[in-house]
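Have a look at the structure below, then the notes.
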Amino acid sequence: MIDCAEYSKEFPLSDEIIYLNHAAVSPWPRKTTDAIIKFTDENLVYGASNYPEWIKTETSLRKQIQLLINAPSSDDIALLKNTSEALSVVAYGLSWSEGDEIIIPDQEFPSNRIVWESLIDKGVNVITVNITDAEVPENAIIDAITSSTRLISVSSVQYTSGLRLNLEPIGVACKSNNILFCVDAIQSLGVFEMDVQKIHAD
């Protein structure tokens, strides 16, 4: 059984606040705050003298993330500031050709829409699929695939409706058609199992 009191100690919020976290901006847990204070105090006094220890911490974190999402290797893990930056690295790290298509659902969080729309001036077409009215949202996404589809980007859980997508059939369709599959898992990671190999996420 979960001990809620232990979790509450991690979030000593003011009594004036009832915080309903929706996996966007949230208060830091005490552990995070303590770690940041320790790091900044260390850096203030010793500068980068302990850099080798920082690398060990980073390496350990990469290995933990690899296990959490079943990535093939810890070398596959990139550490970035936030989801928006990560999606930008993907979007602008690829070479695009005139007529390439990107498929996204119509319920996407702005971070997973605006970055792809920013590629329109490169001749990329962003196809927005209506999953709101679809009987099977995953099929609606798959049915939108054409010979020009280069990438499909979805959130594992849609932030407006709470719809949790079944990622595996989308990933299988991507792999079968040589399409890149980009998954924003911020809404579900740590709550549900995330196996990037099983869902064929790139």
Side-chain angles (χ1 to χ4, degrees), residues 22-25 58 61-62 65-66 68-189 194-202:
H22 59 292
V25 179
E58 181 181 312
L61 176 58
R62 288 175 190 274
I65 296 171
Q66 176 198 357
L68 178 65
I69 65 173
N70 192 32
S73 162
S74 61
D75 291 336
D76 293 314
I77 308 300
L79 302 174
L80 297 164
K81 289 183 291 190
N82 53 44
T83 307
S84 299
E85 181 182 57
L87 289 167
S88 295
V89 167
V90 173
Y92 284 88
L94 296 169
S95 297
W96 299 97
S97 298
E98 184 94 19
D100 282 346
E101 291 178 354
I102 297 168
I103 295 173
I104 60 171
D106 63 346
Q107 296 182 18
E108 278 303 329
F109 190 75
S111 296
N112 199 32
R113 176 180 52 81
I114 294 169
V115 69
W116 307 117
E117 291 175 345
S118 72
L119 298 171
I120 290 173
D121 63 356
K122 296 181 182 292
V124 175
N125 299 314
V126 178
I127 311 300
T128 303
V129 176
N130 180 353
I131 63 169
T132 303
D133 301 319
E135 187 173 335
V136 182
E138 297 82 4
N139 289 349
I141 294 168
I142 293 166
D143 290 345
I145 292 173
T146 72
S147 59
S148 297
T149 305
R150 178 87 188 282
L151 180 142
I152 294 178
S153 186
V154 302
S155 293
S156 57
V157 174
Q158 296 299 308
Y159 87 110
T160 53
S161 66
L163 171 68
R164 180 182 171 205
L165 289 172
N166 181 1
L167 300 172
E168 191 170 353
I170 303 171
V172 168
C174 285
K175 186 174 182 182
S176 300
N177 291 280
N178 197 30
I179 295 166
L180 295 169
F181 189 29
C182 178
V183 178
D184 171 1
I186 190 65
Q187 299 281 352
S188 65
L189 193 61
M194 174 58 61
D195 186 331
V196 296
Q197 297 187 71
K198 184 178 179 182
I199 65 171
H200 305 288
D202 294 295

Reported CG-to-OG distance for the pair L163 and S156, which is rounded to 0.5 angstrom: 10.0 Å
With sequence neighbours excluded, tell me which residues meet side chain to side chain donor-acceptor pair (under 3.5 Å) with E168. none
To the nearest 0.5 angstrom, please state how far the CZ atom of R62 sits from the OG atom of S74. 7.5 Å
Minimum heavy-atom separation for A134 to A140, with atom names? CB-CB, 3.8 Å
Roughly how far, to the nearest 0.5 Å, is CD1 of I152 from CD1 of I104? 11.5 Å
Side chain to side chain contact (heavy atoms under 4.5 Å, CB included) for L61 and L79? Distances and angles first, verdict last. CA-CA 9 Å; L61 176 58; L79 302 174; 4.0 Å; yes
Quick one: does any side-chain atom of D100 pair with a main-chain N or O of S97 as donor and acceptor, under 3.5 Å? yes
Check: Q197 side chain, N70 main-chain N or O, donor-acceptor pair, under 3.5 Å: yes
Quick one: does any side-chain atom of E85 pair with a main-chain N or O of L80 as donor and acceptor, under 3.5 Å? no
Report yes if the side chains of W96 and L94 come closer than 4.5 Å at any heavy-atom pair, otherwise no. yes
Is a side-chain donor-acceptor pair under 3.5 Å present for S155 with Q187? no
Enumerate donor-acceptor pairs with a distance under 3.5 Å from any side-chain N or O in residues 122-132 to protein atoms, sequence neighbours excluded.
| from | atom 1 | to | atom 2 | distance (Å) |
| --- | --- | --- | --- | --- |
| N130 | OD1 | T132 | N | 3.0 |
| N130 | OD1 | D133 | N | 3.0 |
| N130 | ND2 | D133 | OD2 | 2.9 |
| T132 | OG1 | D106 | OD1 | 3.3 |
| T132 | OG1 | D106 | OD2 | 3.0 |
| T132 | OG1 | Q107 | NE2 | 3.2 |

I186 side, atom CD1; N82 side, atom CG - distance, nearest 0.5 Å: 9.5 Å
Test item: F181 and V172 side chains (from C-beta on) under 4.5 Å apart, heavy atoms: no
Judged by atom type as modelled, is there a donor-acceptor pair below 3.5 Å linking the side chain of D76 to the main-chain atoms of S73? yes
Where do M194 and A185 come nearest, in terms of heavy atoms and distance? CE-CB, 3.7 Å
Minimum-distance pair of heavy atoms, taken over all atoms of L165 and P137: CD2-CB, 3.9 Å
So C174 and H200, do their side chains get closer than 4.5 Å, heavy atoms only? no
Does the side chain of F109 reach to within under 4.5 Å of the side chain of S84, using non-hydrogen atoms? no
Just how far is it from atom CD of E108 to atom CD of Q158, taken to the nearest 0.5 Å? 4.5 Å
Separation between OG1 of T146 and CD of E101, rounded to the nearest 0.5 Å: 3.5 Å
Residues L87 and S111: closest non-hydrogen pair is CD1-O, 3.4 Å
Find out whether P169 and I142 are in side-chain contact, i.e. whether some heavy atom of one side chain is under 4.5 Å from a heavy atom of the other. yes
Answer yes or no: does atom CG of N178 have more than 12 heavy-atom neighbours from other residues, nucleotides or ligands under 6.0 Å? no
Least distance between heavy atoms, A201 atom then V183 atom: CB-CG2, 4.1 Å
Exercise: identify the closest heavy-atom pair between S153 and N112: OG-OD1, 2.6 Å
